Each structure stands twice: as structure tokens, then as C-alpha cells.
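Notes for the one structure printed next.
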Amino acid sequence: MAYETIVVETEDHVATIKLNRPDAMNALNSQLLGELARALREADTNDKVRCIVLTGSSKAFAAGADIKEMSQKSFVEMYLSDFFGTEHEAIARVRKPVIAAVSGYALGGGCELAMMCDFIIAADSAKFGQPEINLGVIAGIGGTQRLTRMVGKAKSMDMHLTGRFMPAEEAERAGLVSRVVPAKNLMEEAQAAAQKIAEKSMLTTMAVKEAVNRAEETSLAEGMRFERRLFHALFSTEDQAEGMSAFLEKREAQFRDR
Ligand code: CO8
């Protein structure tokens, strides 16, 4: 089925998913999140795709959950439908690397969606925020948890309690984004990063993702054991043999995901 709220393009092993509700600053409604979850699942299982870029428009990555859709809902409706729960889990379960390319507003659920990606490349125009407090609610798809892990308690509390927007340079200093680039170069930079990742063995890009994500969920000792087991396991792959031989033979490695 065709998508109505997102645009998906796949080129050179990179799937680019663009959020596309221009009249609502890409606000995340059920349809958009459902389509996004489906597109990510398809990209994750498509052998031609090796990396995913998630982006919005120059004005807004996404200005949060759709307030019009949510405003009349009751607790019972939210609870029984597990509002956004299914979509959140589908997005967080993607095994291939996902880069968020953020320009303009990434607010509320938009900021949370960007943080669900593996890393964020931000345009110098980007503004991050968790302004749910102004609506009488709090973040609901990871804001209080992921932002706190990424920028620490002080800045996370500041953002959630005041609802202020954090500009791109501050977000980079705080560790929320991996790099800031001029707005006009955002997609070029994101695509170049995605291409670099697409050249690696997918066995290793997936292993990196699993291991780094484990750091957010476990103790240092457990995380170290998990990393070491994965490291050892990669010695059963042809790509380990190829990667190390290529280095010793002073040539480019030809990975085959085996
Ligand atoms: N929802 C619905 N519509 C929106 C949203 C939104 N989040 N944000 C913007 N829009 C719409 C506006 O209503 C407006 O539509 P219209 O032209 O029909 O009036 C259009 O987009 C353009 O917006 P503005 O005219 O307001 O544009 P400005 O440039 O003046 O301002 C801002 C841009 C600063 C982005 C402003 O629109 C704004 O503050 N938006 C709301 C931001 C916000 O509060 N986000 C948090 C939402 S709550 C949330 O995300 C909770 C997530 C957790 C859910 C998990 C469930 C389990």
C-alpha cells in the first residue's frame, strides 16, 4: 500500500524516509507513525538496504505528537489502545543503522523520534525541545529516559521543566547530536555518512548497534561481557577474515555479509 504521510526512496543501499505532513509541521499522528513503522520494517528486511536515513523538512523534523489527534482522548482510550506503544516498539526494534537528519523543529515526540535513531546529524537551524509541559502532560515515547541518558540530568530537567528549545550547537555540546552542519548540506552529509556505513559488513554494523545499545540497559561488567562475546563471535565470519586480510594486503575489503 502506498504511503500518504511519508516518502520513501532507496538509492545505493540507503533508504531515505522523509516525514511529509507539511501543513502540520510533520506532527506525528497515528497514520504517520503506522506508516513509518511499516517503512522501517520493510527497509530492515530488504536485502538491498544497508542503512536508513530518517528526515523531515527544512522547517521541521517533527513538531511532536499531533495535538489535534490527542486532545480529546481519554485515559481509557489511551490505555486500551496503548497509544503509540506498538509503533514505538517497531521503530526501536530496527536492526539496521538509522541516522536522523534533523532540520528545524524536533519537539516532543519529534525529539523522541530523533533520539530513537542511532545518531543525529543536525542542521545549524535545528531546535530540540520537550515542551509537553506546556500542554499539561509529559514526554511519552522516551523523552525523560533517552534525553536524560544522552545529555545528563541537569539539561534534561531544564528542557522538560521549562519546555525551552535547545539550539543545534548546544545540542552538539551536550551530546544529543553527533555533528552540526550548515542547513544546506544536511542531506548531503547524512547521505555520505549512510554510504560509509553501507560499505561495511552488515554483520558488524548490526553488532555495533546491539553492543552500543546494551550500554544503555545494563551494568558496565555485563556490557563488557556482551561486547566481548560479540567480538569473539565475529571471528566465525568470512568478513572478519576478509577485513583483516585486506588490511594486511593493503587493499579495500570486499565485505559480503557472511
Ligand atoms: N500537532 C498538531 N499540529 C501542529 C503541531 C503539533 N504538535 N505543531 C504544529 N502544528 C500545526 C499548527 O497547528 C499549525 O497548523 P494550522 O496552520 O492549521 O494552524 C501548523 O502546524 C504551523 O504551526 P504554527 O503556525 O504554530 O507555526 P510556528 O512557526 O508559529 O510555530 C512551532 C512552530 C514552534 C513548532 C509550534 O507549532 C509549536 O509549538 N508546536 C507544538 C509543539 C509541541 O508542543 N510539541 C509537543 C507535542 S506533545 C508530544 O509530542 C508528546 C509525545 C508523546 C506521545 C506519546 C504517547 C504515548
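Excluded from the calculations below are hydrogen atoms, water molecules and symmetry mates; all remaining heavy atoms, backbone and side chain alike, are included. Both counts, for ligands and for their atoms, begin at 1 and track the order of listing. As the structure is a computational prediction, the values presented were derived from the model and not from experiment.
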Quiz: residues 104-113 side-chain donor-acceptor pairs under 3.5 angstrom, not counting sequence neighbours:
from: E112; atom 1: OE1; to: G109; atom 2: N; distance (Å): 3.3
from: E112; atom 1: OE2; to: G140; atom 2: N; distance (Å): 3.3
from: E112; atom 1: OE2; to: I141; atom 2: N; distance (Å): 2.9
from: E112; atom 1: OE2; to: G142; atom 2: N; distance (Å): 3.1
from: E112; atom 1: OE2; to: G143; atom 2: N; distance (Å): 2.7

Examine distances only and state if a side-chain atom of N26 and a backbone atom of A60 form a donor-acceptor pair shorter than 3.5 Å. yes
In chain order, what residues pass the side chain to side chain contact (heavy atoms under 4.5 Å, CB included) check against A43, with sequence neighbours excluded?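 Per chain and number, A43 pairs via side chain to side chain contact (heavy atoms under 4.5 Å, CB included) with A15, V49, I52.
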With a 4.0 angstrom cut-off on heavy atoms, strictly below it, pick out the residues next to ligand 1 and order them by chain and number.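 Only D23, A24, M25, A27, A63, G64, A65, D66, I67, K68, M70, F83, F84, Y105, L107, G108, G109, E112, P131, E132, L135, G140, I141 have heavy atoms that fall under 4.0 Å of ligand 1, ordered by chain and number.
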Salt bridge check, E238 against R256: does any charged N sit closer than 4.0 Å to a carboxylate O?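 Salt bridge present between R256 and E238.
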Contacts of E169 that satisfy salt bridge (Lys or Arg N to Asp or Glu O under 4.0 Å) - sequence neighbours left out: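 Once residues adjacent in sequence are excluded, E169 has no partner under the salt bridge (Lys or Arg N to Asp or Glu O under 4.0 Å) criterion.
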Taking all atoms of both residues into account, what is the closest heavy-atom pair of A62 and L28, and its distance?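 A62 and L28 have their closest heavy atoms at CB-CD2, 3.9 Å.
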